[in-house]
Structures are given as C-alpha cells and as structure tokens.
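A short write-up of the structure that comes next.
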Amino acid sequence: MSKPSVLVTFDSMKNPNSGYFSFGKGLGDALIKENSNRFKLTYYMFKNTIYFFNRLVEIIYLYRWHRFFFPFYNNFDVVHFTDQTCRLRPYRVNGKKIMTIHDINKVHLPGSKQHKIDKHINKLRSYMAHCDRIVAISQFVADDVLRFIPEIKGKLSVIHNGADKLYVTENYEPTYRPKKAFLFTIGLLSPQKGFHYIPVLLQGNDYELVISGIETPHKARILEEAEKYGCLDRLTLTGPIADEDKAWYFKNCSAFVFPSIAEGFGLPVIEAQYFGKPVFLAKATSLPEVGGSVAYYFNNFEPAHMQAVFNDGMKDYANNHREAAIIEHANQFSWENSAGKYLALYEEVLK
C-alpha cells in the first residue's frame with residue numbers, strides 16, 4: 001500500500017531574513033525528521049530560495065501561472081498551506097487541505113483603515129472556506145481569527161511554533177563586536193516592532209544597544225530617540241545578519257528587548273530564552289503567551305515605567321538565578337513537537 005502524499009507549501013521562505021523563512025526551515029526540517037516514513041512529503045518553494053532541506057524531499061517549484069492552473073492539483077492526499085499568503089490558492093488543489101494562520105495583525109496596527117481590514121478578512125475567509133482544518137500558531141491568533149471569522153470554530157486548533165536552538169562556534173567573531181555589555185533585539189525595523197522605545201533603557205547605565213534586521217525609513221526615528229536620550233554613540237544598527245552573528249548576540253547579550261505590538265508568535269523571544277536570557281516584552285498580542293511567567297513585561301511605553309520594569313527585572317534575574325527556569329520554559333517550544341502535531345493532524349484529516 002502506498003504512503004499518503006502530502007504537499008507542504010514553503011513559498012514564503014524567499015527572504016532569508018524573514019520570520020517566515022525561520023518558520024519554514026524549522027518546521028520543514030522537523031517534518032522530515034519526525035515523519036518516520038508515514039507520508040510521502042513534497043515541498044512547494046520558490047526556485048531562488050537559498051535552502052532546499054538538503055534535497056531530502058521532492059521539490060515543486062512555484063510559477064506565477066500556478067495561481068490559475070496547478071498541474072499537480074490531483075496528486076496529493078493532503079495539502080498544507082503553511083501561511084495565509086497562499087500563492088497557491090486552496091481552490092486550485094484537491095485533497096484534504098490544512099492552513100496555518102500566523103496572524104491578522106492588520107487589525108492591531110494603529111492607522112489601519114477599516115476597508116483594508118475588511119478586504120483582508122474577506123480574503124482569509126475565502127481561503128479558509130476551502131480548507132478542512134485551520135491551525136493558529138498561538139491561542140492569541142486563534143482568538144483573533146474567531147473574533148472575525150467565527151464560522152470556522154469547528155475546524156480550528158492551535159499548534160505553537162518551535163524555535164531554533166542556536167549554537168555559537170568556538171572563537172567566533174561577529175561582524176560587529178560590542179565593546180561593553182549590551183542589549184539586543186532583532187526584527188524588521190518597522191514602527192510596530194517598537195524598537196524606537198528601547199533607547200530610553202540606556203539612561204543611567206553603560207549598556208550598548210545592538211539592533212539587527214532589515215532596515216526601513218523607521219530607522220530615522222530610532223536614531224532620533226537615541227540622540228534624545230544621549231546614547232547615539234552606544235547604538236549599533238547592523239542591518240540583516242547571518243545566523244552565526246544572531247547566535248553570538250543571543251548568547252552574549254545582557255538582555256533581549258522586544259517591545260512589539262503585533263506578533264502572532266515571536267520566534268526571537270524563544271531563541272533568546274534558549275540561552276537563558278532575560279527577555280523584556282510588550283504586554284501585547286501573543287507575547288505574554290509565548291514569553292510566559294519567566295519574561296518581564298512593559299504594560300505601556302512611558303519612559304519611567306519602562307526603566308522601572310527593566311531595572312527591576314535585571315535585579316530579579318541576577319538575584320534569583322532565573323536562567324534555569326527560562327531555559328526550561330523555552331524547551332517546550334521545539335520544532336520536533338510542532339512537527340509531531342502537524343503529522344498527527346495530517347493523519348487525522350485522512351480518517
């Protein structure tokens with residue numbers, strides 16, 4: 001008897017500095033590892049992606065015309081759309097269909113216009129209508145989805161993301177090595193990430209601040225805030241970085257700071273916690289769910305409040321030896337766990 005065939009779409013892995021790339025690489029590798037010969041896996045990807053899972057699965061390359069006709073439409077028992085972008089439309093393929101939803105952050109961003117929100121929600125509703133199961137990457141995202149698309153309640157479940165356990169090669173030197181103890185953050189330099197709120201934390205101490213990620217015009221606002229608080233000479237914007245640099249910064253930073261107001265999950269939070277680092281997060285969207293009780297939270301972005309949370313948190317971390325508890329919390333978010341739950345879902349929809 002032949003194994004059921006599963007197509008998994010990783011067509012959002014185009015940009016190696018994106019969260020979708022990290023998600024795809026982590027889940028894709030773990031699905032291969034945990035599959036145990038249950039399914040014939042095939043991945044759907046852009047030709048110019050830099051990572052093809054060591055060619056351990058078959059690859060179907062994405063072409064734009066697949067939006068109108070997908071020649072393999074009847075080849076798979078299960079199709080897993082791993083994000084809501086859906087360059088391959090759910091109605092273009094047969095078989096059981098599963099879609100992973102990462103966020104509907106448009107509804108949380110200040111200034112989002114209602115007609116654009118409505119258009120976005122209606123597109124998601126259309127995609128979900130063609131799927132047998134919907135997976136949210138956090139309970140927060142699941143609650144968001146049910147708020148706007150309540151009719152899919154019976155086919156919705158939550159599977160948390162994993163996060164990569166990063167390792168630092170002995171004697172590795174990052175492109176920029178801070179000269180002093182430093183705070184670290186990483187992500188797209190966009191307003192919703194809140195990186196412009198971090199410079200205030202450098203008042204009254206000698207920390208450096210390292211911010212890594214794709215730069216946008218919002219960079220100017222971050223620089224303005226650093227100048228305002230007199231720490232411009234202690235701020236370094238590295239731009240996108242290699243995984244080796246990222247691992248070095250996580251391992252060697254004094255704390256990870258992530259005041260984002262729109263996260264479906266927040267992979268860097270767990271990556272930092274794998275190293276036992278104190279993490280300081282906005283108390284917004286999915287971050288309290290992911291950071292758990294071992295993280296420290298900003299209830300607002302008033303300078304005095306942020307400084308108090310940071311100073312008290314750093315004292316608590318040092319005085320109460322929180323590192324082991326932080327690592328224990330992070331260990332529950334593994335890609336192996338996530339992949340096992342997705343593989344079980346593939347089996348379930350085929351019953």
Side-chain angles (χ1 to χ4, degrees), residues 9 12 18-20 22-24 27 79-91 96-163 187-188 190-194 197 258-270 281-293 295 297-301 332-333 337-338 341-342 344-345 348-349:
T9 67
S12 289
S18 70
Y20 278 148
S22 298
F23 170 87
L27 179 60
V79 180
H80 178 192
F81 304 92
T82 65
D83 66 77
Q84 63 266 34
T85 305
C86 291
R87 295 174 180 88
L88 176 63
R89 306 301 196 216
Y91 48 80
K96 298 295 185 177
K97 285 167 272 191
I98 298 166
M99 181 183 296
T100 298
I101 303 296
H102 291 252
D103 63 68
I104 47 175
N105 282 341
K106 285 184 188 296
V107 305
H108 299 288
L109 298 180
S112 291
K113 298 186 181 302
Q114 189 60 47
H115 74 278
K116 290 188 176 180
I117 292 175
D118 292 342
K119 182 179 179 181
H120 181 62
I121 295 298
N122 287 334
K123 182 169 70 172
L124 290 180
R125 178 179 283 111
S126 171
Y127 291 163
M128 291 181 190
H130 288 88
C131 294
D132 299 276
R133 294 295 296 270
I134 307 298
V135 176
I137 64 171
S138 65
Q139 187 59 51
F140 172 81
V141 172
D143 292 342
D144 252 7
V145 170
L146 289 177
R147 175 183 161 199
F148 291 96
I149 312 174
E151 63 268 26
I152 57 90
K153 183 177 182 179
K155 56 184 179 182
L156 176 67
S157 58
V158 175
I159 298 178
H160 286 119
N161 288 349
L188 179 70
S190 61
Q192 59 263 33
K193 292 295 184 184
Y197 295 121
F258 202 62
S260 177
I261 62 167
E263 293 295 324
F265 187 81
L267 285 175
V269 176
I270 302 300
L281 313 173
K283 201 168 189 176
T285 60
S286 67
L287 293 180
E289 179 181 348
V290 174
S293 61
Y297 295 96
F298 304 120
N299 293 318
N300 59 64
F301 300 121
Q332 68 183 298
F333 296 99
N337 286 343
S338 299
K341 291 176 181 178
Y342 277 112
L345 186 59
E348 185 180 320
V349 297

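For NZ of K96, the number of neighbouring non-hydrogen atoms (other residues, nucleotides, ligands) closer than 6.0 Å is 12 at most. More than 12 non-hydrogen atoms from other residues, nucleotides or ligands lie less than 6.0 angstrom from NZ of K155.
With sequence neighbours excluded, no residue forms a ring-ring contact (aromatic ring centres under 6.0 Å, His included) with F81. Shown here are the side chain to side chain contact (heavy atoms under 4.5 Å, CB included) partners of D143, two or more places apart in sequence or in another chain: Q139. With sequence neighbours excluded, the residues forming a side chain to side chain contact (heavy atoms under 4.5 Å, CB included) with K283 are P288, Y297, N299, listed by chain and number.
Atom CG of residue N161 and atom CG of residue N337 lie 12.0 Å apart, to the nearest 0.5 angstrom. Note that the CG atom of L156 and the SG atom of C131 stand 12.0 Å from one another [nearest 0.5 Å]. Between atom OG1 of residue T82 and atom CG of residue L27 there is a gap of 7.0 Å, rounded to the nearest 0.5 Å. We find the NE2-CD1 distance between H115 and I117 to be 10.0 Å, quoted to the nearest 0.5 Å. Here CD1 of I134 is found 10.5 Å from CG of L146. Values are rounded to the nearest 0.5 Å. Remark: H120 NE2 to F148 CZ distance equals 10.0 Å, nearest 0.5 Å.
Across every non-hydrogen atom of S12 and D83, the tightest pair is OG-OD2, 2.8 Å. Between P259 and F298, the shortest heavy-atom distance links the atoms CB-CD1, 4.5 Å. The minimum heavy-atom distance linking S338 with G162 is given by the pair OG-N, 3.2 Å. Heavy-atom minimum distance, N105 versus G264: ND2-N, 4.2 Å. Between I104 and V145, the shortest heavy-atom distance links the atoms CD1-N, 4.1 Å. Between V141 and A136, the closest heavy-atom pair is CG1-CB, 3.9 Å.
Looking only at atom types and distance, the side chain of Y342 has a donor-acceptor partner in the side chain of T100 under 3.5 Å away. If you check the side chains of Q332 and H160, you find no donor sitting under 3.5 Å from an acceptor.
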Determine whether I152 and R125 satisfy the following criterion, side-chain contact (heavy atoms from CB on, under 4.5 Å), listing intermediate values before the conclusion. CA-CA 9 Å; I152 57 90; R125 178 179 283 111; over 6 Å; no

Trace of the side-chain contact (heavy atoms from CB on, under 4.5 Å) decision for H130 with M99: CA-CA 10 Å; H130 288 88; M99 181 183 296; over 6 Å; no

Dump the intermediate steps for side-chain contact (heavy atoms from CB on, under 4.5 Å) on R147 and D144, then the final yes or no. CA-CA 5 Å; R147 175 183 161 199; D144 252 7; 4.0 Å; yes

Under the criterion side-chain contact (heavy atoms from CB on, under 4.5 Å), I'd like the reasoning laid out for M128 against I149: C-alpha separation, chi angles, the key distance, then a yes or no. CA-CA 9 Å; M128 291 181 190; I149 312 174; 3.9 Å; yes

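Looking at S157, its side chain never comes within 3.5 Å of a backbone N or O of V135 through a donor-acceptor pair. No side-chain donor-acceptor contact under 3.5 Å links E263 to the backbone of T285. Remark: the backbone N or O of I159 is not paired with any side-chain donor or acceptor of K341 at under 3.5 angstrom.
Looking at Y20, F23, F333, F140 one by one, the single match for ring pair (Phe, Tyr, Trp, His ring centres under 6.0 Å) with F265 turns out to be F333.
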